[in-house]
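Structure first, then comments.
Letters A, B, ... mirror the listed sequences (proteins, then strands); counts begin at 1. Computed from a prediction, not measured in an experiment: that's the story for all the values here.
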Amino acid sequence: MSYTDELTITGLGAAYARRQIIADLSLAPMQPGQVISLIGPNAAGKTTLLRSIAGLHPTTGSQLLGTRELTHMALADRARLVTYMPQSLPQKVALTVLEGVIGALRASPIDGDSLSEQQLLETALDVIARVGIPQLAMTALDQLSGGQRQLASLAQALVRSPRVLLLDEPISALDLHYQLRVMKLVNALARERGMMVIMVLHDLAIAARWSDRIVVLAQGQVVADGTPAEAITAEVLAHVYRVVARVEPEETGLRIAIDDILTR
Amino acid sequence: MEPAKIRPLAVVKEDALHTPAPATVPDHRDMAAAYRRTIRRRVLILLVMLVVGIAAFALDISTGPSPLALRDVWSGLFDPGSLTPPEVTIIRDVRLPYALMAILVGVSLSLAGAEMQTILNNPLASPFTLGVSSAASFGAALAIVLGLSLPFVPGDWMVPINAFICAFASVLLLEALARSRAAGVEGVVLFGIALVFTFNALVALIQFVASQEALSQLVFWSMGSLGRATWTNLAVLGLVVLVVLPFSMRAANAMTALRLGEDRARSFGIDVQKLRFASLLRISALAATSVAFVGTIGFIGLVGPHIARMLLGEDHRFLLPASMLTGAVIMSLASVASKIMVPGVLLPVGIVTSMIGVPVFLALILRRPDRA
């Protein structure tokens with residue numbers, strides 16, 4: 001199965017209390033099968049943008065998935081299309097990794113009718129194996145390390161195989177092996193199923209290497225949007241991060257060197 | 001100033017590099033089998049708890065000023081012809097309603113506590129700690145001391161009706177707060193604690209102006225006693241449990257998902273606001289009805305779910321029934337203890353549950369840091 005619907009965001013606005021985080025933000029259509037990374041400084045509105053697409057935050061403007069408007073869609077209907085992985089997993093949860101993943105499937109039906117117990121179990125085990133933590137399947141979530149929890153959390157999002165997968169800093173706590181593994185996995189899922197992956201990343205080199213498209217946000221505005229080479233330039237980095245950087249294209253991504261100077 | 005030079009560690013432990021990779025990765029079939037074993041074990045634990053509950057229930061009936069053998073309890077319930085009429089009366093009319101009330105109150109308060117802890121995401125939430133019981137005491141005080149109640153309520157029912165109304169109102173307040181986006185879950189818990197203090201102060205005020213007789217009646221009420229069990233009360237509470245239970249179980253999967261975080265649960269399509277609201281309605285019905293009939297009984301709603309969680313984890317399909325069973329068992333055992341702790345004296349059961357509950361409560365608090 002493969003998906004064909006593009007996601008088009010037009011004039012998006014989102015506010016917390018009275019503070020406007022994102023105002024009138026528009027993005028060119030995001031394609032199914034693409035891996036899109038959101039980068040930018042702290043408090044740029046990256047998480048707010050993800051949560052807005054997930055329907056967790058009231059928004060203005062339009063979010064069109066194919067011909068369907070997501071903005072006013074009921075949470076349950078939206079959950080069939082979009083899944084969001086938050087930055088953290090609660091600390092004290094007396095569920096195993098496997099139970100957490102099965103719980104994600106059981107929470108609401110994904111394709112109309114619900115799966116049998118056997119299918120639930122198989123689907124959950126498949127995802128846990130692909131994420132690379134089968135040895136942790138029967139371990140309680142509150143006994144995992146930070147990185148392991150992040151992987152368990154990722155498995156909970158992946159198992160629903162949404163059309164649009166939203167990941168908020170999915171690799172921030174992972175070691176080198178798992179960083180690479182997760183980036184390869186989401187790229188593979190995007191190619192195999194046409195899943196659209198939108199994620200917040202802080203590591204620019206990884207974002208450049210493993211994304212089809214990069215959106216640079218600062219103060220709720222799009223500063224740059226394009227291929228990694230187009231979006232990550234010395235000028236953009238100087239503007240949003242206030243650093244002096246040298247960016248050179250490489251065979252696999254970009255070579256980014258940051259000088260030891262803060263410009264402001 | 002020159003930064004201190006750090007001497008690079010130039011030694012690579014050759015042995016460590018050649019340590020073989022750790023244990024083999026389990027395959028699907030092993031994991032599936034392990035999962036099924038866990039499920040079977042849980043069903044087994046539930047069955048064991050059920051048997052323990054029935055045993056505690058029988059023990060509760062057999063204990064009292066004139067001790068009866070368990071065999072006589074059986075006969076009294078199912079074969080009354082083989083016992084003397086006074087024995088049958090003791091078992092059927094005195095001890096049975098009492099013991100049934102212990103079970104029903106344990107089930108209600110513990111189920112209410114389990115749901116409350118999940119939807120408010122707080123291990124210390126329970127009808128007792130968040131002001132529901134205090135509100136009920138206030139309602140009872142209004143009836144006992146000031147004779148205030150709704151019009152047309154018969155005298156016998158004034159205390160339970162008042163207790164119910166106030167308990168229900170306190171949960172509605174919590175609900176209203178939970179629904180307003182501003183407060184957040186922590187706000188609800190703090191508000192609940194504020195309710196405890198407010199109602200306690202109001203009750204103290206009423207006690208201050210109460211007559212000697214009304215005061216002793218009120219104090220006795222607030223100690224929580226199963227002695228007020230009547231068949232009518234039992235039928236009402238039983239009906240509440242029967243009505244609420246299917247809705248609780250239907251929400252079990254959503255509550256399990258909520259344990260994975262509110263944003264995540266919502267992204268799975270769960271309307272968390274609605275879940276919370278419906279759950280608080282169930283909690284108020286369970287807790288308010290129990291407290292109305294037996295008075296303040298603390299800690300069952302706190303301790304019951306915790307024990308269930310330690311035994312079975314947080315898959316709510318198991319946690320909810322397990323909480324009801326642990327509640328029933330603790331309450332029955334507390335009832336037994338209330339009859340035998342001071343020979344010849346029947347202690348109010350609320351005193352006993354608090355005496356058991358406080359140490360457990362402390363243990364839970366002291367256990368928290370190392371799990372963080």
| said: For the NE2 atom on A/H177, are there more than 12 heavy atoms of other groups (residues, nucleotides or ligands in this structure) within a distance under 6.0 Å? | reply: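 Yes.
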| message | Which heavy atom of B/E314 sits nearest to which heavy atom of A/A94, and what is that distance? | response |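 Closest heavy-atom pair between B/E314 and A/A94: OE1-N, 2.7 Å.
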Structural part of [X] lying under 4.5 Å from a heavy atom of chain B:
{"X": "A/T96", "answer": "neither"}
{"X": "A/L121", "answer": "side chain"}
{"X": "A/E117", "answer": "side chain"}
{"X": "A/I102", "answer": "side chain"}
{"X": "A/L89", "answer": "both"}
{"X": "A/D77", "answer": "neither"}
{"X": "A/L141", "answer": "side chain"}
{"X": "A/A104", "answer": "both"}

| Using non-hydrogen atoms only, which part of B/R317 is less than 4.5 Å away from chain A: side chain, backbone, both, or neither? |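 For B/R317, the contact with chain A is made by the side chain alone.
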| chain A contact via B/A34 - which portion, at a heavy-atom distance below 4.5 Å |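 Interface part for B/A34: both.
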Mind ranking [options] by heavy-atom pairs under 4.5 Å with chain B and telling me who comes out on top?
{"options": "A/A129, A/S108, A/A140, A/A124", "answer": "A/S108"}
{"options": "A/R78, A/Q143, A/E99, A/M85", "answer": "A/E99"}
{"options": "A/A79, A/P162, A/A157", "answer": "A/A79"}

| query | From B/R309 CZ over to A/L95 CG, what is the distance, rounded to the nearest 0.5 angstrom? | reply |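 It comes to 10.0 Å.
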| Side chain B/S267, main chain A/T83, donor-acceptor under 3.5 Å |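 No, because the side chain of B/S267 does not come within donor-acceptor range (under 3.5 Å) of the backbone of A/T83.
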| task | Under the side chain to side chain contact (heavy atoms under 4.5 Å, CB included) rule, what do A/Q156 and B/L260 come out as? Steps first, then yes or no, please. | result | CA-CA 9 Å; A/Q156 290 164 15; B/L260 300 173; 3.7 Å; yes
